[in-house]
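Taking it in order: structure first as structure tokens, then the write-up.
Residue numbers count from 1 along this sequence.
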Amino acid sequence: MSKHYATLCVILNEVRDLSRMRVPNKLGDSSLIAQNDKKEMDIPVSVVIGTQWGDEGKGKIVDLLAEKSDYVVRFHGGNNAGHTVVVNNKKYPLHLIPSGVLHPKTNCVIANGVVIDLEVLVSEIKMLQNDGVKLNGRLFISERCHLILPYHKALDLAFENARGKDKLGTTARGIGPCYADKVSYNGIRIYELKDWELFVEKFTFQAKIKNEILKTFNVKAINVKEELAKISEFRKIVLPFVSDTFLLLQNAIDQKRTILLEGAHGVMLDIDFSPYPFSTGSNVITGAVNTGAGIPIQKISKVLGVVKAYTSRVGGGPLPTELTDSLGESIREKGQEFGTTTGRPRRVGWLDLEAVKFACQVSGATEIAITKIDILSGLEKIKVCAGYKLNGKFIPYSSCGYQELAKLTPVYKEFSGWKEDITNIKSFNDLPKNCQDYIKFIESFLGISIKLISTGPKREEYIKL
Ligand code: GDP
Ligand code: IMO
Ligand code: MG
């Protein structure tokens, strides 16, 4: 027995040595692993993530990058997002269709993690088609997407009104109630929409229950017949775009096509990592690419964190660096900080790098795009929050709930401003020295390379580094 065991050990050791020879420690070209790694690296799947409270300028950045992308994919959220693209002096506010749509060769995917309001989708499709944008054969919508139905919007409003002075300030687009139905198995998807009888049955059942709930809020019930008539029309326009987006994207990965995933909102609104309940209904972080589009995270080669040069937030919830004075008012006016979706004035404040650092960590940002730096031109002094203090002690963003965030004191670093208009500058070295210092500080604080500086809303207004 022991002799056989010894022989077996020798054979096993030889096999191990052989396999070590095939895959040396220091990875060389001959290494199988190295070759596989290289193959992985060649597949350009990148993600754009908002690192603040939304409205960082993701739409502008995605449009810029989309020119070289085969696919641009929305993977979470719904029409609470408002992404602005400005091309040839025309402003396109996009809520559901990916911001790559204005590049005629780029395919646009609304993947399974997105929640869809058919009325908004149809009006966006029509708006683009009326403007000569062709969508046939390049817009793909997952049948796994859950539908935002009229009762979701009514419930969103009813809950907000019931909260009174403690309202959250949602976009009232039905996002929370729709995701709530999804996870409580009460959702209805595009899948059901394909089979009209099945849809009518499910919708009628859900609407009956939701109408009972609406009654308790003293809110008008949904008229099932009228709503079904509208949906049956929307359905005809949307269904031709429905397909298996999982398969589409897997094939794209196999064929080494470039895929750009367009994040919505901002990490500070992530359902898990925000100071809940001042949140949105979806995960905003990079991990949502896997659940929301079926793309494994190992395939992602780049995560671009979008950082607005100052802070804005729409709706309620703490905002540690908020400027409630006339300076805040003037930044809001100059930056045109009014909601793309709801038109509400956005609250503004100094750049909060403590929060942005957290957002970059949790989303694995590999590079940064700075936006709206032009809006800071003309300020005498510019402040940046470089840490939080609570009761005299430093506290990281991750340890704060909404009560701590409302109480803490931001620790600021102050910079001298610059007077020049920087909109048309094309090289970093041509930026005013104080502007360069501000940008360099952001880069060194985050420890992540800045690859893009946006200097205006138009497509061509940027500096590449
Ligand atoms: P998103 O939700 O992150 O896509 O951002 P929004 O589109 O809601 O808000 C950003 C606003 O700033 C839009 O009106 C953009 O056109 C505009 N914008 C984007 N980048 C810049 C920039 O670098 N400078 C200026 N002045 N405006 C910008
Ligand atoms: P983009 O993609 C800014 C905010 C709302 C509200 C909270 C919850 O344009 O950056 P919801 O309707 O999602 O249930 O509202 O989240 N919010 C956004 N704020 N930009 C967004 O998207 C937002 N999406 C949600 O204002 O405070
Ligand atoms: Mg927006």
Side-chain angles (χ1 to χ4, degrees), residues 42-49 58-79 81 83-88 92-116 118 120-145 189-191 193-194 237-264 286 288-297 299-304 459:
D42 283 346
I43 302 168
V45 177
S46 34
V47 189
V48 169
I49 298 280
K58 299 175 293 293
K60 143 109 195 225
I61 300 295
V62 168
D63 167 67
L64 253 183
L65 303 177
E67 191 185 1
K68 291 193 177 142
S69 305
D70 296 308
Y71 292 84
V72 179
V73 185
R74 275 282 308 268
F75 57 96
H76 71 103
N79 59 299
H83 296 178
T84 318
V85 179
V86 183
V87 182
N88 298 331
Y92 295 84
L94 297 163
H95 300 287
L96 281 167
I97 295 181
S99 301
V101 71
L102 299 173
H103 294 278
K105 288 193 179 141
T106 304
N107 293 303
C108 292
V109 180
I110 301 179
N112 59 282
V114 178
V115 287
I116 293 182
L118 292 169
V120 175
L121 180 60
V122 165
S123 76
E124 211 158 289
I125 289 173
K126 285 187 176 161
M127 182 263 289
L128 289 164
Q129 286 178 333
N130 289 341
D131 220 58
V133 178
K134 293 205 168 51
L135 296 175
N136 291 347
R138 58 184 286 260
L139 173 63
F140 304 93
I141 303 168
S142 168
E143 63 180 36
R144 287 187 167 86
C145 290
R189 301 184 298 170
I190 292 215
Y191 176 80
L193 199 63
K194 293 200 309 183
I237 297 168
V238 170
L239 284 185
F241 296 106
V242 173
S243 67
D244 184 345
T245 60
F246 173 78
L247 208 57
L248 182 80
L249 293 172
Q250 294 300 311
N251 288 340
I253 290 170
D254 287 346
Q255 291 161 13
K256 297 189 182 175
R257 298 294 180 88
T258 42
I259 300 175
L260 180 63
L261 290 129
E262 175 177 357
T286 308
V289 165
N290 196 181
T291 53
I295 297 179
I297 45 176
K299 302 283 180 198
I300 296 170
S301 42
K302 214 161 70 175
V303 179
L304 179 70
R459 191 183 260 176

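Side-chain contact check for Leu121 versus Phe241: every heavy-atom pair is 4.5 Å or farther apart. Counting heavy atoms from C-beta outward, Ile110 and Pro98 have side chains that approach closer than 4.5 Å.
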Next on the checklist: For a side-chain contact (heavy atoms from CB on, under 4.5 Å) check, start with the C-alpha distance between Leu65 and Ser46, then their side-chain angles and the critical distance, and finish with the verdict.
Outcome noted: CA-CA 10 Å; Leu65 303 177; Ser46 34; over 6 Å; no
Checklist entry - side-chain contact (heavy atoms from CB on, under 4.5 Å) between Lys68 and Thr258: does it pass, once the steps are laid out? => result CA-CA 8 Å; Lys68 291 193 177 142; Thr258 42; 5.9 Å; no
Next on the checklist: Applying side-chain contact (heavy atoms from CB on, under 4.5 Å) to Asn251 and Leu247, what does each step give before you reach the verdict?
Outcome noted: CA-CA 6 Å; Asn251 288 340; Leu247 208 57; 4.2 Å; yes
Checklist entry - Can you check side-chain contact (heavy atoms from CB on, under 4.5 Å) on Leu139 and Ile125, steps first, answer last? => result CA-CA 10 Å; Leu139 173 63; Ile125 289 173; 4.3 Å; yes
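Considering Ile97, Asp131, Val86 as possible partners of Tyr92, the one that fulfils the side chain to side chain contact (heavy atoms under 4.5 Å, CB included) test is Asp131. Screening His76, Lys58, Arg74 for a side chain to side chain contact (heavy atoms under 4.5 Å, CB included) involving Glu262 leaves a single residue, Arg74.
Other residues, nucleotides and ligands contribute only 12 or fewer heavy atoms inside 6.0 Å of the CD atom of Glu67. Within a 6.0 Å sphere centred on CG of Asn88, heavy atoms belonging to other residues, nucleotides or ligands number 12 at most.
In this structure, Asn79 contributes its side chain and Ile116 its backbone to no donor-acceptor pair below 3.5 Å.
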Could you list the donor-acceptor pairs under 3.5 angstrom formed between side-chain atoms of residues 100-108 and any protein atom two or more places apart in sequence or on another chain?
residue, atom, partner, partner atom, Å
His103, NE2, Asp63, O, 2.7
His103, NE2, Asp63, OD1, 3.2
His103, NE2, Arg459, NH2, 3.3
Thr106, OG1, Ala66, O, 3.1
Thr106, OG1, Ser69, O, 3.4
Asn107, ND2, Asp70, O, 3.3

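Across all non-hydrogen atoms, the minimal contact from Phe246 to Gly294 is CE1-O, 3.5 Å.
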